[in-house]
Amino acid sequence: MSKQLKLAARESLQGRWGFMALMMLLFLIIQGVPNGFASSPEEDFQFIDLIGMLLTVLTLPVAMGWSWLALSVARDEQTKVADLFEPYKMFLKAIGVSIVQTFFLGLWFLLFIIPGIIKSFSYMLTYYIIRDEPSIGILDAITRSRQMMDGHKKEAFFLVLSFIGWFLLGIITLGIGFLWIGPYFSVTIAKFYDRVRGEEVSTTGHRTAMMDANHNDSPFVSPE
């Protein structure tokens, strides 16, 4: 399964490696901006730290934007730089879901490392769900992700594990390799989401068809 998803990701990235590498660089720069507004750990809390916290919150939607961009590439859709900032159109929801997920994961990690890791896989589809269902609520999106990941967390774990060699290569290249490894990994995860969602739709459709068939076969249904 991992090989198929990674192959599909490479096929979707053909002709887009350069664009996605530049987008990865832009994403990392934006994510790193708040780090430039922090005082020394030995110093007391200062005004510059407040600015850093504010910038951290303001840049939260970019992480969702990166996931959406990877999903567009996975679906062979047209992409542009502005796609990275698409979640700012639902600014409060983008920030809200990031904060709520972080809060929930923090609680699970307080219990122990393993439960926290398991829940991180449970919540990993939330951003994609919001992309496909913009009207869904924050808690509903997180719950939907957890439900979709039931029976798929082991697959997701081994999929992530299959990138260990690539991550080591990124470290060896002093981080430069991550400009290409990042898009490769993200598009593969997006492919994983589409496969899980496709299975859910297929299962739901089959269940609905069976219910309709049973209803039509019922002796209490009047013939037309």
**Asked** Taking it one step at a time, do F19 and V81 satisfy side chain to side chain contact (heavy atoms under 4.5 Å, CB included)?
**Response** CA-CA 9 Å; F19 170 76; V81 175; 4.2 Å; yes

From [X] [atom1] over to [Y] [atom2], what is the distance, rounded to the nearest 0.5 angstrom?
{"X": "E199", "Y": "D194", "atom1": "CD", "atom2": "CG", "answer": "11.5 Å"}
{"X": "L159", "Y": "L5", "atom1": "CG", "atom2": "CG", "answer": "6.0 Å"}
{"X": "Y123", "Y": "I129", "atom1": "OH", "atom2": "CD1", "answer": "12.5 Å"}
{"X": "S72", "Y": "L84", "atom1": "OG", "atom2": "CG", "answer": "11.0 Å"}
{"X": "L179", "Y": "L25", "atom1": "CG", "atom2": "CG", "answer": "5.5 Å"}
{"X": "L105", "Y": "I142", "atom1": "CG", "atom2": "CD1", "answer": "8.5 Å"}

When you compare the side chain of [Y] with that of [X], does any pair of heavy atoms fall below 4.5 Å?
{"X": "F178", "Y": "T173", "answer": "no"}
{"X": "Y128", "Y": "I189", "answer": "yes"}
{"X": "W68", "Y": "D83", "answer": "no"}
{"X": "K153", "Y": "K119", "answer": "no"}
{"X": "M148", "Y": "Y193", "answer": "yes"}
{"X": "I164", "Y": "L161", "answer": "yes"}
{"X": "M20", "Y": "L69", "answer": "yes"}
{"X": "V97", "Y": "L60", "answer": "no"}

**Prompt:** Would you call R144-D132 a salt bridge at under 4.0 Å N-O?
**Reply:**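 Answer for the salt bridge query: no.
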
**Prompt:** Given L54, which of L58, T56, L50 fulfils the side chain to side chain contact (heavy atoms under 4.5 Å, CB included) condition?
**Reply:**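 Running side chain to side chain contact (heavy atoms under 4.5 Å, CB included) over L58, T56, L50 with L54 returns exactly one hit, L58.
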
Does [X] reach the main-chain N or O of [Y] with its side chain, forming a donor-acceptor pair under 3.5 Å?
{"X": "S186", "Y": "P183", "value": "no"}
{"X": "S145", "Y": "L125", "value": "yes"}
{"X": "R146", "Y": "S122", "value": "no"}

Assigning hydrophobic clusters by single linkage (Ile, Leu, Val, Met, Phe, Trp, Tyr; side-chain heavy-atom cutoff under 4.5 Å), is [X] placed with [Y]?
{"X": "I138", "Y": "F103", "value": "yes"}
{"X": "F112", "Y": "I118", "value": "yes"}
{"X": "L13", "Y": "L7", "value": "no"}
{"X": "M90", "Y": "L92", "value": "yes"}
{"X": "L28", "Y": "W180", "value": "yes"}

**Prompt:** Under 30°, 30 to 60°, or over 60°: which ring-plane class applies to F91 and Y88, parallel, tilted or perpendicular?
**Reply:** parallel

**Message:** Show, in sequence, the C-alpha distance, side-chain angles and deciding distance for E86 and R131, and conclude whether the salt bridge (Lys or Arg N to Asp or Glu O under 4.0 Å) test is met.
**Reply:** CA-CA 10 Å; E86 190 72 16; R131 156 76 187 274; over 6 Å; no

Write down the atom of [X], the atom of [Y], and the distance for their closest heavy-atom approach.
{"X": "G182", "Y": "M24", "result": "CA-CE, 4.0 Å"}
{"X": "G116", "Y": "F109", "result": "C-CZ, 3.4 Å"}
{"X": "F85", "Y": "L26", "result": "CZ-CD2, 4.3 Å"}
{"X": "L71", "Y": "A190", "result": "CA-CB, 3.7 Å"}
{"X": "I136", "Y": "K93", "result": "O-NZ, 2.6 Å"}
{"X": "G52", "Y": "P34", "result": "O-CB, 3.7 Å"}

Pair [X]-[Y], side-chain donor/acceptor within less than 3.5 Å:
{"X": "R10", "Y": "T188", "answer": "no"}
{"X": "S98", "Y": "Y127", "answer": "yes"}
{"X": "K191", "Y": "S12", "answer": "yes"}

**Asked** Do K6 and F163 meet the cation-pi criteria used here (NZ or CZ under 6.0 Å from the six-membered ring centre, within 45° of the axis)?
**Response** yes

**Step-by-step side chain to side chain contact (heavy atoms under 4.5 Å, CB included) determination, Q101 to M124** = CA-CA 10 Å; Q101 276 198 135; M124 69 184 294; over 6 Å; no

**Asked** Does the ring center of W166 lie less than 6.0 Å from the ring center of F185?
**Response** no

